Amino acid sequence: LPLEVVLNVITCSLPSNLDTILPASHPTTKLLLSFSLVCQETRRLAQRYLRKHCFYIDKARRLSSILLQIPKRPELRNVDSLYLSPFGATLDDQPTAFWSRELLLYTYKVLKRLVITFPFKTLYLEHDHLNIRRILYEGLANLETIEEFVSVQDELGLHDNLYLGLPLWAHWPNLRRLALCGICPNPAFWHDIAQVPALENVVLTEP
């Protein structure tokens with residue numbers, strides 16, 4: 001087949017919703033991985049789509065593997081969409097917290113869309129002797145280009161004035177969409193939300 005047709009096949013394999021983040025087991029992810037091994041032109045396009053649609057990190061081992069590759073493959077920093085769920089049954093895992101912060105610090109200049117699933121209810125603040133929440137706060141607060149943030153599991157334990165005197169989203173001037181789970185909004189919450197200049201949509205759900 002002509003190269004133009006092959007490249008069109010790659011593009012047509014993408015999900016219709018361009019914001020979709022695909023897991024490693026998805027057929028489209030496997031197809032893109034296959035095309036990344038065919039030739040230079042298909043590799044360039046497939047890898048671009050893999051970075052956009054397939055950064056689905058649901059295990060600490062996968063997160064560690066990506067971090068080890070970044071020094072040799074700096075293009076992995078250019079991720080604009082990320083699903084991050086590396087913790088197991090508990091948040092009380094300092095290495096995974098450090099790895100999560102490191103990945104966010106690698107990608108903070110380009111990351112626009114982040115979905116997290118962190119088990120915050122497994123580690124309350126008074127029991128956080130390893131400063132897990134502070135480590136995660138430091139990584140998330142640096143996301144200067146973030147436009148969409150979704151926290152899927154448990155109440156986001158980083159939304160109040162725990163550390164730097166500011167709610168997490170006060171560091172995100174470009175934030176347009178915010179979705180949180182398990183938040184009990186009070187007047188202070190809405191006051192802080194109102195200060196985010198670009199915010200268009202807020203979705204609050206119960207688990």
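Note that the structure is a prediction, hence the values are computed from the model and not measured. Just so it is clear, the values below take in all heavy atoms, side chains as well, and ignore hydrogens, waters and symmetry mates.
Nearest heavy atom pair, residue Phe118 against residue Ile116, reads CD1-CD1, 3.8 Å. Nearest heavy-atom pair across Glu206 and Cys181 is C-SG, 4.3 Å. Here the shortest heavy-atom pairing between Ala198 and Pro173 reads CB-O, 3.6 Å. Looking at every heavy atom in both residues, Thr96 comes nearest to Asp93 through OG1-OD2, 2.8 Å. Contact detail for Leu204 and Pro185: the closest heavy-atom pair is CD1-CG, 3.9 Å. Scanning all heavy atoms of the two residues, the minimum distance from Tyr106 to Pro71 falls at OH-CG, 4.4 Å.
Judged by distance alone, with hydrogens and angles left aside, the side-chain atoms of Asn186 form a donor-acceptor pair with the main-chain N or O of Phe189 at under 3.5 Å. Here the side chain of Ser81 pairs no donor or acceptor atom with the backbone of Leu114 at under 3.5 angstrom.
Side-chain heavy atoms closer than 4.5 Å link hydrophobic residues (I, L, V, M, F, W, Y) into clusters, and following such links, possibly through other members, connects Ile183 to Leu123.
Ring to ring, Trp169 and Phe149 are not that close: their centroids are 6.0 angstrom or more apart.
Side-chain contacts under 4.5 Å among hydrophobic residues (ILVMFWY), followed directly or transitively, place Leu68 with no other residue at all.
Applying the salt bridge (charged side-chain N to carboxylate O under 4.0 Å, His left out) rule to Arg176 yields the partners Glu147, Glu200; only residues at least two apart in sequence or on another chain are considered.
Pairs of residues two or more places apart, or lying in two chains, that qualify as side chain to side chain donor-acceptor pair (under 3.5 Å) and include a residue from residues 5-15 are Thr11-Tyr49.
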